[in-house]
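Throughout, protein chains are lettered first and strands after them, A, B, ... in sequence-line order, and every chain is numbered starting at 1. Just so we're clear, the structure is a prediction, and the values are computed from it rather than from any experiment.
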There are 2 protein chains.
Amino acid sequence: MRENSPVPTERTSAGDPARTLQLLWRDASPDRRRGPRRGLSIDAVVAAATAVADAEGLDAVTMRRVAQELGVVPMTLYTYVPGKSELLDLMLDAAYARMPRTDTSGQPWRRRVTAIAEENKALFERHPWAATVSTARPPLGPGLMAKYEHELSALDGLGLGDVEMDDCLTHLLMFVQTCARAAAEARAVRNDGAMSDQQWWEANAPLLARVLDEKSYPRAVRVGAAAGAAHGSAYDPEHAYAFGLQRVLDAFAALIDRNEGAGAH
Amino acid sequence: MRENSPVPTERTSAGDPARTLQLLWRDASPDRRRGPRRGLSIDAVVAAATAVADAEGLDAVTMRRVAQELGVVPMTLYTYVPGKSELLDLMLDAAYARMPRTDTSGQPWRRRVTAIAEENKALFERHPWAATVSTARPPLGPGLMAKYEHELSALDGLGLGDVEMDDCLTHLLMFVQTCARAAAEARAVRNDGAMSDQQWWEANAPLLARVLDEKSYPRAVRVGAAAGAAHGSAYDPEHAYAFGLQRVLDAFAALIDRNEGAGAH
DNA sequence: AAGTACACTGTACATCGTACAGAGTAACTG
DNA sequence: CAGTTACTCTGTACGATGTACAGTGTACTT
């Protein structure tokens with residue numbers, strides 16, 4: 001039997017924001033700490049948690065598991081990190097910080113924007129869990145800041161206003177993250193139960209055919225069949241990304257042209 | 001202290017797919033059932049769960065809670081539904097089924113597509129939890145089918161191929177759902193802890209100002225400030241939706257024009 | 001009247017984040 | 001040097017969750 005429950009979106013940034021910021025920026029108040037020397041470091045904890053998440057998904061990242069990975073009892077982690085949410089914040093910001101940022105200055109804007117999309121896609125491929133961490137109240141750490149600065153530079157000089165630049169970037173990043181999340185879910189479902197995509201469709205097809213007559217749902221049946229045939233399966237995340245990215249680029253083109261037209265007069 | 005853990009995306013469709021389909025289509029094998037009469041109905045269970053989810057969010061939807069709402073012991077629910085995932089499937093498909101579907105035939109395509117977006121936006125406003133339920137392996141019930149059929153009709157007759165129609169619809173729906181999810185998360189964060197958005201920023205501002213010098217992140221500081229000033233807060237879901245929808249429409253326009261151009265010759 | 005399939009109940013388990021209280025250690029204070 | 005204090009690390013414990021499993025009683029079929 002598979003777990004069939006809601007897909008949890010993990011929240012970040014729960015506790016004291018100031019403390020969280022200090023952690024993100026590694027602003028350890030260098031008071032000569034008294035007691036025993038610390039056996040670990042924040043970075044070690046973050047690295048261990050990230051390793052677990054990369055290898056086995058976010059669900060496997062439990063305080064118990066991370067502690068075990070570090071040869072320590074679970075509660076020990078709480079001397080490094082206020083709680084699990086903050087740990088996720090740190091993981092995410094660290095992942096942002098590690099992203100390679102290719103310099104595309106001088107290249108045409110479509111290539112620049114595509115590079116941003118690809119960099120984010122690569123992030124979510126290396127760290128699928130990152131796509132499923134909620135970023136309401138994002139981790140305002142050095143990683144996110146460097147990422148934001150870098151990505152804005154790809155949208156600079158196109159005649160967009162500051163707010164428009166932010167809007168466009170948000171739009172693009174939401175798109176890439178949504179694709180990554182969908183891909184991660186698709187992968188999770190595939191590996192989850194004993195049931196492959198194929199088996200699932202084979203199990204559903206007969207009953208579905210009986211109940212889904214072409215008279216009631218003519219377009220749905222036709223288009224669903226066409227789409228299913230085009231990409232091999234019910235849903236092809238890679239195709240959705242490729243298609244969607246072209247749409248986003250077209251949309252930006254229209255916006256830029258409009259601004260140029262307005263600016264030209 | 002707030003919960004700071006990952007935001008769970010609930011999964012659907014875990015158990016036997018055939019059984020799930022039977023439930024979705026209410027294909028109760030009408031074998032003369034033997035034992036005592038059932039005190040409840042699937043619809044009652046789904047309605048109770050939906051009411052809880054609407055009022056208190058998906059986290060409040062536990063088997064214990066739904067059972068209590070129905071004056072029944074938790075395990076009783078399992079005689080109506082194989083598990084929680086299937087319950088979520090049923091909730092979602094029922095919500096799809098209830099969506100009002102405005103007839104926009106004859107109207108210009110931008111208005112038709114906008115109507116689709118608005119209908120989905122309204123769904124997620126009435127049922128915020130619906131945006132957070134994962135739909136890898138969506139609930140292939142009558143609600144989804146009716147929704148799919150209806151939405152395809154808005155994209156019909158524009159010169160798009162069948163696969164393109166599906167791609168466009170997927171792109172649009174992913175966009176709306178992502179906005180709704182972000183809005184739901186923003187709302188959750190607001191109501192979650194004792195901390196309002198304002199308090200959070202006020203708590204963060206001093207430390208952030210100290211660490212975020214304009215030399216290192218010139219664009220980020222400038223654009224971030226501009227965006228924050230434009231909409232009142234750090235993130236304005238309503239604005240992101242309005243902006244993004246125009247982009248999606250522009251993108252569809254480009255695709256349609258291209259097809260017309262190709263078709264014209 | 002006997003048998004059977006089913007609805008419903010109660011208890012129980014593993015898992016999670018983390019509160020809380022204790023034990024030991026190193027630096028500061030005198 | 002001794003005493004205090006702040007800190008690290010540990011062990012135990014709690015409430016919550018989905019649901020497996022083993023009853024208990026009911027209404028239909030034979």
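Panel note: side chain B:T50, backbone B:V46; a donor-acceptor pair is recorded below 3.5 Å. Between the side chain of A:W25 and the main chain of B:L212, no donor-acceptor pair closer than 3.5 Å is present.
Phosphate proximity of C:dC28 to A:R34: absent, as no side-chain N or O sits under 4.0 Å from OP1 or OP2. Phosphate contact (OP1/OP2 of C:dC8, side-chain N/O of B:Y80, threshold under 4.0 Å): present. Using a 4.0 Å cut-off, no side-chain N or O of B:T76 falls inside it from OP1 or OP2 of C:dA7. For B:R64, no side-chain nitrogen or oxygen approaches OP1 or OP2 of D:dA16 to under 4.0 Å.
Side chains of B:H150 and B:E119: a donor on one and an acceptor on the other come within 3.5 Å.
Taking atom OH on B:Y78 and atom P on D:dG23, their separation rounds to 21 Å, with Å as the unit. To the nearest angstrom, P of C:dC8 lies 6 Å from CZ of B:R38. In this structure, A:L87 atom CG and C:dT18 atom C1' are separated by 14 Å, rounded to whole Å. Counting to the nearest Å, the C1' atom of D:dT19 and the CG atom of B:L77 are 11 Å from each other. D:dC9 atom C1' lies 13 Å from atom CZ of A:R33, rounded to whole Å. The distance from atom CD1 of B:I42 to atom P of C:dA7 is 11 Å, rounded to the nearest whole Å. Between A:L70 atom CG and D:dT10 atom C1' the separation is 16 Å, expressed in whole Å.
Comparing B:M63 and B:R37 against DNA chain D, the residue whose closest nucleotide sits nearer the 5' end is B:M63.
When distances run from any side-chain atom of B:M75 to the nucleotides C:dC16, C:dT9, D:dT10, the shortest one goes to C:dT9.
Ring geometry for B:F175 versus B:Y241: interplanar angle under 30°, hence parallel rather than tilted (30 to 60°).
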